[in-house]
> 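What follows is a structure written as structure tokens; I'll ask about it next.
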Amino acid sequence: IEAHPLSVPLAPEVVVVHDRTVGEWIDLQLARAQGIAANMRYRSPGQFIWDLYRTADPSLPPRSPYDAEVLQWHILRILDEDAFVKDYAPLHGYLSRGDSVRRFDLAVRLAELFNRYLVYRMDWLEAWEAGKTKKLGPDEKWQARLWKRIAEEIAQPHRARLFQSFLEAMKKGIPGLPERVSVFGISSLSPAYVDILGALGTRTTVRVYALNPCREKWDHIADERLRVRTDLEYSADLMHIDVPHALLGSLGKQGRDFI
């Protein structure tokens, strides 16, 4: 940041972090090194992606109506309807054994679950909105109906719907993108978010600061359990997986895949 300042002095430095505490740590480190830390804009991955969508389409609201803190109240209102709950035995059985606190707790957890679906299971939501199912188990039917009703009532595009249209818009160019984006200390991102960062990198500077636990090349190191499973399924002549460092092999898969 000090060596390569932004071309516009008053433009904020955009940094994507896992949570605000990481941003506070960066502020402290910059202040110690430079004497001051100012005009830093810290955003979670979800907030940052929504900011990009709003840059492409300014008609979108400042905050997504599908954010968990907002979505939970839509879900709670629907769960308060006996007619909806009684149509689904698993849902009715769970809620009938509790009180309003259990109902609210389920609404909160479902809002968080649906937000993960918006990032990692976009194909599920697309099928549910079309009235289809994916044969995912006994709880899919009521979750699919709940999501379809939420999407119909909110009647605004969510992140999964905006994903492909944003990538198409990036090919043509979107004005107003930040001059530089730094992704700091995040150990993993969804494939959709990685695709968006890749597209963004064709139009502006994107820097990823990822913690690497090993200075040597280590992408070949696998979990011991994977080696055992592989030995059972395949001939040793067909596949050999090296496990030279058991700790790195067992704990490093997520970081290895992300890097």
Side-chain angles (χ1 to χ4, degrees), residues 10-24 26-27 38-80 103-126 128-129 143 146-170 174-186 188-197 199-200 203-204 206:
L10 296 181
E13 189 75 46
V14 179
V15 184
V16 183
V17 294
H18 181 265
D19 56 49
R20 179 59 194 172
T21 56
V22 177
E24 293 173 354
I26 296 174
D27 280 343
N39 208 15
M40 303 290 293
R41 181 172 173 80
Y42 298 106
R43 306 295 280 167
S44 70
Q47 291 171 335
F48 173 67
I49 296 302
W50 188 253
D51 290 344
L52 291 178
Y53 289 164
R54 291 192 68 229
T55 302
D57 182 1
S59 67
L60 294 174
R63 184 176 188 180
S64 170
Y66 292 89
D67 281 355
E69 294 83 358
V70 180
L71 192 61
Q72 66 189 28
W73 300 108
H74 290 279
I75 296 173
L76 181 62
R77 179 176 52 78
I78 297 173
L79 294 182
D80 280 334
R103 195 176 300 265
F104 177 73
D105 177 70
L106 180 60
V108 171
R109 288 189 286 145
L110 283 172
E112 295 172 349
L113 179 65
F114 283 149
N115 263 259
R116 290 196 291 272
Y117 289 168
L118 283 167
V119 176
Y120 291 97
R121 294 291 183 262
M122 292 186 286
D123 58 320
W124 293 6
L125 301 183
E126 182 180 359
W128 293 352
E129 290 174 25
Q143 284 191 33
L146 177 60
W147 176 260
K148 190 173 189 296
R149 180 166 168 183
I150 289 170
E152 291 171 348
E153 292 182 357
I154 293 180
Q156 292 187 36
H158 49 66
R159 291 192 293 271
R161 287 184 193 168
L162 295 168
F163 172 65
Q164 289 297 339
S165 60
F166 176 79
L167 292 182
E168 290 300 319
M170 281 296 298
I174 299 175
L177 293 172
E179 180 180 341
R180 176 169 61 210
V181 174
S182 299
V183 181
F184 187 89
I186 294 179
S188 66
L189 287 171
S190 72
Y193 284 3
V194 173
D195 288 345
I196 289 175
L197 287 177
L200 184 63
R203 299 291 178 177
T204 190
V206 177

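Below, each value reflects all heavy atoms present in this structure, side chains not excepted, and no hydrogens, waters or symmetry copies.
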> Answer whether the closest heavy-atom distance between the side chains of Met170 and Arg203 falls below 4.5 Å.
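Yes, close enough: below the 4.5 Å cut-off.
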
> Thinking salt bridges, do Glu153 and Arg77 make one under a 4.0 Å N-O criterion?
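Between Arg77 and Glu153 there is a salt bridge, with a charged N closer than 4.0 Å to a carboxylate O.
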
> Hey, are Arg161 and Glu126 close enough for a salt bridge, meaning a charged N less than 4.0 Å from a carboxylate O?
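The answer is no: the pair does not qualify as a salt bridge.
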
> Looking at the rings of Trp50 and His158, which for Trp means the six-membered one, are their centres under 6.0 Å apart?
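Between Trp50 and His158, the centre distance exceeds or equals 6.0 Å.
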
> Going through the checks in order, is the side chain to side chain contact (heavy atoms under 4.5 Å, CB included) test met by Arg41 and Val181?
CA-CA 10 Å; Arg41 181 172 173 80; Val181 174; over 6 Å; no

> Under the rule for side-chain hydrogen bond (donor to acceptor under 3.5 Å, both in side chains), what residues qualify as partners of Arg180, not counting sequence neighbours?
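Glu13.
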
> With heavy-atom distances below 4.5 Å as the criterion, would you say the side chains of Phe48 and Val15 are in contact?
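The answer is no, as the side chains (C-beta and beyond) never meet within the 4.5 Å cut-off.
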
> Using a 3.5 Å distance criterion without hydrogens, assess whether the side chain of Thr55 forms a donor-acceptor pair with backbone atoms of Leu177.
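Pair absent, no side-chain N/O of Thr55 close to backbone of Leu177.
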
> Please answer whether the main-chain N or O of Tyr53 pairs with a side-chain N or O of Asp57 as donor and acceptor at a distance below 3.5 Å.
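No.
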
> Could you go through the side chain to side chain contact (heavy atoms under 4.5 Å, CB included) check for Ile150 and Phe114 one step at a time?
CA-CA 11 Å; Ile150 289 170; Phe114 283 149; 4.0 Å; yes

> Ala111 and Ala68: which non-hydrogen atoms are nearest, and at how many Å?
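Minimum heavy-atom separation between Ala111 and Ala68: CB-O, 3.5 Å.
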
> Would you give the length of the straight line joining atom CG of Leu113 to atom CG of Leu106, rounded to the nearest 0.5 angstrom?
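It comes to 10.0 Å.
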
> Considering only heavy atoms from C-beta outward, does the side chain of Gln164 approach that of Leu167 to under 4.5 Å?
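They are in contact (side-chain heavy atoms under 4.5 Å apart), so the answer is yes.
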
> Any side-chain donor-acceptor pair under 3.5 Å between Asp27 and Tyr42?
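Note: Asp27 and Tyr42 side chains meet the donor-acceptor criterion.
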
> As an exercise, state the distance from CG of Leu110 to CG of Leu71, rounded to the nearest 0.5 Å.
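That separation rounds to 9.0 Å.
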
> Under 6.0 Å between ring centres, would you say that holds for Phe104 and Trp73?
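Yes, the ring centres sit under 6.0 Å apart.
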
> Can you tell me if Arg159 uses its side chain to pair, donor with acceptor, with the backbone of Leu118 under 3.5 Å?
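Looks like no, no N/O pair under 3.5 Å.
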
> Ignoring hydrogens and angles, tell me if any N or O in the side chain of Thr204 forms a donor-acceptor pair with the backbone of Glu179 under 3.5 Å.
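Checked: pair present.
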
> Can you name the closest pair of heavy atoms from Pro65 and Pro61 and give their distance?
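Residues Pro65 and Pro61, closest heavy atoms: CD-CG, 4.1 Å.
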
> State, with a plain yes or no, whether a side-chain heavy atom of Phe184 is found less than 4.5 Å away from one of Ile26.
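A side-chain contact under 4.5 Å exists here.
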
> Do side-chain atoms of Arg103 reach the backbone of Leu79 as a donor and acceptor pair under 3.5 angstrom?
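Indeed, once roles are kept as given, a pair shorter than 3.5 Å links the two residues.
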
> Using atom types as modelled and distance alone, determine if a side-chain donor or acceptor of Asp19 lies under 3.5 Å from a backbone N or O of Ser44.
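No.
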
> So, using side-chain hydrogen bond (donor to acceptor under 3.5 Å, both in side chains) as the criterion, who are the partners of Tyr117 when residues are at least two apart?
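Here the qualifying residues are Gln143.
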
> Given Leu52, which of Ile174, Leu162, Ile196, Leu197 fulfils the side-chain contact (heavy atoms from CB on, under 4.5 Å) condition?
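Going through Ile174, Leu162, Ile196, Leu197 one by one, the side-chain contact (heavy atoms from CB on, under 4.5 Å) with Leu52 is satisfied by Ile196 alone.
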
> Answer yes or no: is there a donor N or O on one side and an acceptor on the other, between the side chain of Asp67 and the main chain of Glu69, under 3.5 Å?
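No; zero donor-acceptor contacts below 3.5 Å.
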
> Once the angle between the rings of Trp128 and Trp124 is folded into 0 to 90°, is it parallel (under 30°), tilted (30 to 60°) or perpendicular (over 60°)?
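Ring orientation, 0 to 90° scale: tilted.
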
> Between atom CZ of Arg20 and atom CZ of Arg43, what is the distance when rounded to the nearest 0.5 Å?
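Taking CZ in Arg20 and CZ in Arg43, the distance rounds to 10.5 Å.
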
> Check for a donor-acceptor pair, side chain of Ser64 on one end and backbone N or O of Tyr66 on the other, with a separation under 3.5 Å.
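Yes; judged by distance alone, with no hydrogens or angles, the pair exists.
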
> Quick one: does Met40's side chain get under 4.5 Å of Pro12's, heavy atoms only?
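Met40 does not reach Pro12 side chain to side chain.
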
> Between atom CD1 of Ile186 and atom NE2 of His18, what is the distance when rounded to the nearest 0.5 Å?
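One gets 7.5 Å once the value is rounded to the nearest 0.5 Å.
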
